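Let me begin by presenting the structure, written as structure tokens, before commenting on it.
Residue numbering restarts at 1 for every chain, and letters A, B, ... go by the order of the sequence lines. From a predicted model like this one, the values you see are computed outputs, not experimental measurements.
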Amino acid sequence: MSPEETPSSNSASNFIRELIDADNVSGRFDGRVHTRFPPEPNGYLHIGHAKSICLNFGLAKKYGGQCNLRFDDTNPAKEDVEYVDSIQEDVRWLGFHWDNLFYASDYFETIYQYAVTLIERGLAYVDSSSTEEIRRLRGSLTEPGTPGPYRNRTVAENLDLFHRMRGGEFPDGAHVLRAKIDLAHKNVNMRDPLLYRIRHAEHHRTGNTWCIYPLYDFTHGYSDSLERITHSICTLEFENHRPLYDWLIEVLDLYHPQQIEFARLNLTHMMMSKRKLLELVETQSVSGWDDPRMPTIAGIRRRGYTPEAMRAFCDEIGVTKFNGLTEIVVLENAVRSDLNKRSNRVMAVINPIKVVIDNYPEDLVEELEAVNNPEDESAGTRLVPFSKELYIERDDFMEVPAKQFFRMSPGREVRLRWGYLVTCQSVVKDPVTGDVTELHCTYDPLTRGGNPPDGRKVKSTIHWVSAKHAVSAEVRLYDHLFSITNVAEIPEGEDWRTYLNPRSLVVVPAAKLERSLTTAQPGDRCQFERIGYFCVDKDSTAEKLVFNRTVTLKDDWAKIQKKQGT
RNA sequence: UGCCUGGUAGUGUAACGGUAGCACGAGUGACUCUGACUCACUUAGUUUAGGUUCGAAUCCUAACCGGGCAACCA
């Protein structure tokens, strides 16, 4: 690779790029690179699809080629325009633009003609056996299948039946069209695979034009061929199907793309099965496809993730044929790293405890200057109001400080971020429960802004919000959807929903936010200092602000506490 | 029992017969008006056994251990 090529993409190479490079050297595809992302519109896209999207579109971009978006819509029973729309939105959100938008259903007539040709050449036949019979005659993983009674129908008979299948003469399931290959083939996919089935169902695009629909295996390779795709990139489970795609294409002497399989993404604490995600939605275990706990692109978008972070993540995990399990922290780290650079800092108290500054004037309000983003000087500063009564985080106070705890405790001086140095003087408790209800502090008037003139150091700086200026907001604290590390280890037959994390969503009804957040709009992102990255949820209104926690900040104190076993 | 496929630090990923790197994690320290960020250091790996070779993670053989495959789903 020439040095000029590298700046556009500093990501490591991978086996797919090597294969493409080799094809470009040999001239196999005349130097063309044409990929495609081929989802079925039967659900929302998830992070695993993001990997595929970044791969396919990324490759096209890198090699100056093209990438299509194609909907593999061959099963009208499961597909819907809602999914077609969401998929397009998600791809665009990730920052990619397709060169062509196609649907497998665009090719239904062509594929029908391919089927007719196969029949004419004696390579396909109409089977009128029942589903059970077909399954039985297919054999097992270790035993060969056996030919059924309809396998040797004449071409004329097959042609007639297939034509009448299309004509709507038969009910669902009465007949299927099968390829005539080899029922004893070692590869089960080659044991006379089904090509067409009768489905009197309305298709989201072709309506009632068809009552027979080609199966995925019959459609997919032809679709790639028709689009003159050079490299058909798909996941590992289609490896065993490749011989069938190759057979179908070669037998008709069609343009032949190269299929390349890679390992799909698995993440700890995440479920990536479309079917099960649908189940989560349908059982209302989550609020919808875009619930911020969902691994869907819609979900992580609502959660506050950025497309830049997603692309960086996909770049970082690489592409191989090894079926691994990526730690979720890699994802979280990607979004932290992106948000750190771009997020304005604000102060918000999630779990407030009131603080009274005893020696602060009763009605005084001071406007203190606060830096918006230490990582970006151009973000400027803002003013935050300071007054006699404040809220601080309950966790930032310990009446009896634990080892290595150096935040507020009686007699200890700490800094209020951008404010004053204060010292806790006394504690007010509920006489019944004994809970701490209020803290009384004194402040040092000479430390305004947080810088003591004598240069003395304090060990801790904590965030705060002026009580009378505070904005109340609902804050939704999200955590992993699954408490179990590897969802693949949930035993077969066991109800996987029992492994859902009961604390995946904790709603804080009335967190206290600094005044500047009053006008926050849905989609806005910020960092709640010392807590995490948050974004304004779409449920948010002018009357009631709602924030989602995208991800926490790293927290060494939490680590220490964990080690201390508290 | 068949077919396909894969095995490099805890995790993910480089090295394409020639010094086993990188990122994340973990640990230690520095810095700090975020216990954040940043920086430094440390930790830890080629599944095993043979073979080819001056030299093997890489090539060959065998074993061991994973993953996938028998929907009128994709």
Exercise. Report the distance from atom CD1 of Ile260(A) to atom C1' of C4(B), rounded to the nearest whole Å.
Key: 17 Å
Quiz item: How far does OG1 of Thr268(A) sit from CE of Met270(A), to the nearest 0.5 angstrom?
Solution: 8.5 Å
Quiz item: For C72(B), does either OP1 or OP2 sit under 4.0 Å from a side-chain N or O belonging to Arg138(A)?
Solution: yes
Quiz item: When you check the phosphate oxygens OP1 and OP2 of U34(B), does a side-chain N or O of Lys554(A) lie under 4.0 Å from one of them?
Solution: no
Exercise. Please determine if a side-chain N or O atom of Thr461(A) lies less than 4.0 Å away from the OP1 or OP2 oxygen of U34(B).
Key: no
Quiz item: With rounding to whole Å, what would you report as the distance between U43(B) and U28(B) at their C1' atoms?
Solution: 10 Å
Exercise. Find the distance Arg415(A):CZ to U32(B):C1' and express it as a whole number of Å.
Key: 9 Å
Quiz item: Is there a donor-acceptor contact under 3.5 Å from the side chain of His204(A) to the main chain of Asp80(A)?
Solution: no
Quiz item: OP1 or OP2 of C3(B) less than 4.0 angstrom from a side-chain nitrogen or oxygen of Thr142(A), does that happen here?
Solution: no
Practice problem: Ignoring backbone atoms, test whether Arg191(A) places a side-chain nitrogen or oxygen under 4.0 Å from the OP1 or OP2 oxygen of C3(B). | Solution: no
Practice problem: Check the distance between C3(B)'s C1' and Leu141(A)'s CG and give it to me in whole angstrom. | Solution: 8 Å
Exercise. Would you please confirm or rule out a distance under 4.0 Å between OP1 or OP2 of G35(B) and any side-chain N or O of Arg530(A)?
Key: yes
Self-check item: Interatomic distance, Arg407(A) CZ vs U34(B) C1' [rounded to whole Å]
Solution: 10 Å
Quiz item: Any chance the rings of Phe534(A) and Phe547(A) have centres within less than 6.0 Å?
Solution: no
Self-check item: Lys/Arg N to Asp/Glu carboxylate O, Arg382(A) vs Glu514(A), below 4.0 Å
Solution: yes
Quiz prompt | Atom P, compared across U8(B) and G12(B): separation rounded to whole Å | solution = 8 Å
Practice problem: Measure the distance from OH on Tyr83(A) to P on A74(B) and round it to the nearest whole Å. | Solution: 16 Å
Exercise. Determine the interatomic distance between P on A74(B) and the same-named atom on C69(B); round to the nearest Å.
Key: 16 Å
Quiz item: Looking at Tyr112(A), is Arg166(A) sitting on its ring face, NZ or CZ under 6.0 Å from the six-membered ring centre and within 45 degrees of the normal?
Solution: yes
Quiz item: Which whole-number value in Å describes the distance from His185(A) NE2 to C4(B) P?
Solution: 10 Å
Quiz item: Considering only side-chain heavy atoms of Asp555(A), which listed nucleotide, A23(B), A74(B), G35(B), is closest?
Solution: G35(B)
Practice problem: Take the protein atom CD of Glu327(A) and the nucleotide atom P of U13(B), then report the distance between them rounded to whole Å. | Solution: 12 Å
Practice problem: Check whether any side-chain N or O of Lys459(A) sits under 4.0 Å from OP1 or OP2 of U32(B), and answer yes or no. | Solution: no
Practice problem: Identify whether any heavy atom of Thr74(A) sits under 4.0 Å from a base atom; if not, whether one sits that close to sugar-phosphate; answer base, sugar-phosphate or nothing. | Solution: sugar-phosphate
Quiz item: When the C1' atoms of A15(B) and A30(B) are considered, how many whole Å apart are they?
Solution: 33 Å
Practice problem: Give a yes/no answer on whether the side chain of Lys559(A) brings an N or O atom under 4.0 Å of OP1 or OP2 in G27(B). | Solution: yes
Quiz item: In dot-bracket notation, what is the pairing pattern of RNA chain B, taking Watson-Crick (N1-N3 plus N6-O4 or O6-N4) and G-U wobble (N1-O2 and O6-N3) contacts under 3.5 Å, with [ ] crossing and | for other strands?
Solution: .((((((..((((....[..)))).(((((.......)))))....(((((..]....))))))))))).....
Practice problem: In whole angstrom, give the distance that lies between atom CZ of Phe262(A) and atom P of C4(B). | Solution: 23 Å
Practice problem: Give a yes/no verdict on a cation-pi contact between Arg153(A) and Tyr125(A), requiring under 6.0 Å between NZ or CZ and the six-membered ring centre and an angle within 45° of the axis. | Solution: no
Practice problem: Check ring-ring contact (aromatic ring centres under 6.0 Å, His included) between Phe386(A) and all other residues, then give those that pass, not counting sequence neighbours. | Solution: Tyr360(A), Tyr420(A), Trp464(A)
Self-check item: Spatial distance of atom CE (Met408(A)) from atom CG (Asp395(A)) [nearest 0.5 Å]
Solution: 13.5 Å
Quiz prompt | Arg199(A) vs C73(B): side-chain N/O to OP1/OP2 distance below 4.0 Å | solution = yes
Exercise. Just call it for Pro374(A): base, sugar-phosphate, or nothing, with non-hydrogen atoms closer than 4.0 Å on any strand.
Key: base
Quiz prompt | Donor-acceptor contact below 3.5 Å, side chain His175(A) vs main chain Leu161(A) | solution = no
Practice problem: Looking at every strand, decide which applies to Ser140(A) at a 4.0 Å heavy-atom threshold: base, sugar-phosphate, or nothing. | Solution: base
